[in-house]
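Written below as structure tokens is the structure these notes are about.
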Amino acid sequence: MRIPIIAGNWKMFKDRDEALKFIYVVTDRLPLKDKVESVICAPSVFLRSLVKRQGEQLRIGAQNMHFADQGAYTGEISADMLKSINVEYVIIGHSERRAMFNETDESVNKKLHQAFKNDLNPILCVGESLEVRESGKTEELVGRQVELALEGLEKTKVSKLIIAYEPIWAIGTGKTATSEQAEEMCKFIRNKVRNLYDEKTADKMRIQYGGSVKLSNIDELMNMPNIDGALIGGASLNPEDFIKLVEAALK
Ligand code: PGA
């Protein structure tokens, strides 16, 4: 049995007051974490404040990190830094970072190795553009993203990995993939991991769907056999909605 996981991705939204207000509203109201994992991936400047107030059921994640241990990388953050302030999750390879900040399959792979080396739980994002979908090459592209991201990772690590399938055309657009389209790709990703590793690894690994997930579509998505949770941008900014989205994953 895979424990569902709902992760909010705040992107570059909220100031300190808003971030703290959110945490005060949700703490103590989230379901038990052995029933559903709740994670907020916040801007790095707020991570320490949020970790201090996360309570029993919420976990805190970063939205990115560098793959090196340390070094002259102005503006970057290392896995060790995140670990030292008790951050537990990190999003790797979000499509916005791939499109706007030169994130490549190679750097994604290095970051995954680095996250596991530092005992962080990575959420690996993959997904196709509208152009790729319309040209019928979705599986080819997503399959390649998964294969390159996982290169050199042992199966014990991969079984703990969280992959978020996020079609770029559904992110922040209000246009969600249908639950059938989402399930089809999450199933494809699980099969890919089964082929690269084995049955047990693929069965343990959790796969989220992301892209305009909201209260009106989460139930349908969570009913799909290969969808173990969601990575949620816009709808995760409101604390009351976030609580309801996590509760929806319980059912
Ligand atoms: P969205 O973003 O829910 O606002 O579409 C999802 C994401 O980018 O992770």
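Predicted model only: the values in this text are computed from it and were never measured. In listed order, ligands and their atoms are each counted from 1.
- Salt-bridge formation is detected for the pair Arg206/Glu37: a Lys NZ or Arg NE/NH1/NH2 atom is positioned less than 4.0 Å from an Asp or Glu carboxylate oxygen.
- Ring geometry, Phe242 versus Phe22: the interplanar angle falls from 30° to 60°, so the pair is classed tilted.
- Salt bridge annotation for Asp241-Lys214: absent, with no cationic side-chain nitrogen under 4.0 angstrom from a carboxylate oxygen.
- Ligand 1 lies under 4.0 Å from heavy atoms of Asn9, Lys11, His94, Glu166, Ala170, Ile171, Gly172, Gly211, Ser212, Leu231, Ile232, Gly233, Gly234.
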*Could you walk me through whether Leu124 and Ile162 pass the side-chain contact (heavy atoms from CB on, under 4.5 Å) test, one step at a time?*
CA-CA 6 Å; Leu124 162 68; Ile162 300 146; over 6 Å; no

*So Glu103 and Lys111, salt bridge (Lys or Arg N to Asp or Glu O under 4.0 Å) or not? Walk me through it.*
CA-CA 10 Å; Glu103 191 85 84; Lys111 288 179 181 192; 3.1 Å; yes

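- Applying the side-chain hydrogen bond (donor to acceptor under 3.5 Å, both in side chains) test to Asn238 and every residue at least two apart in sequence or in another chain returns nothing.
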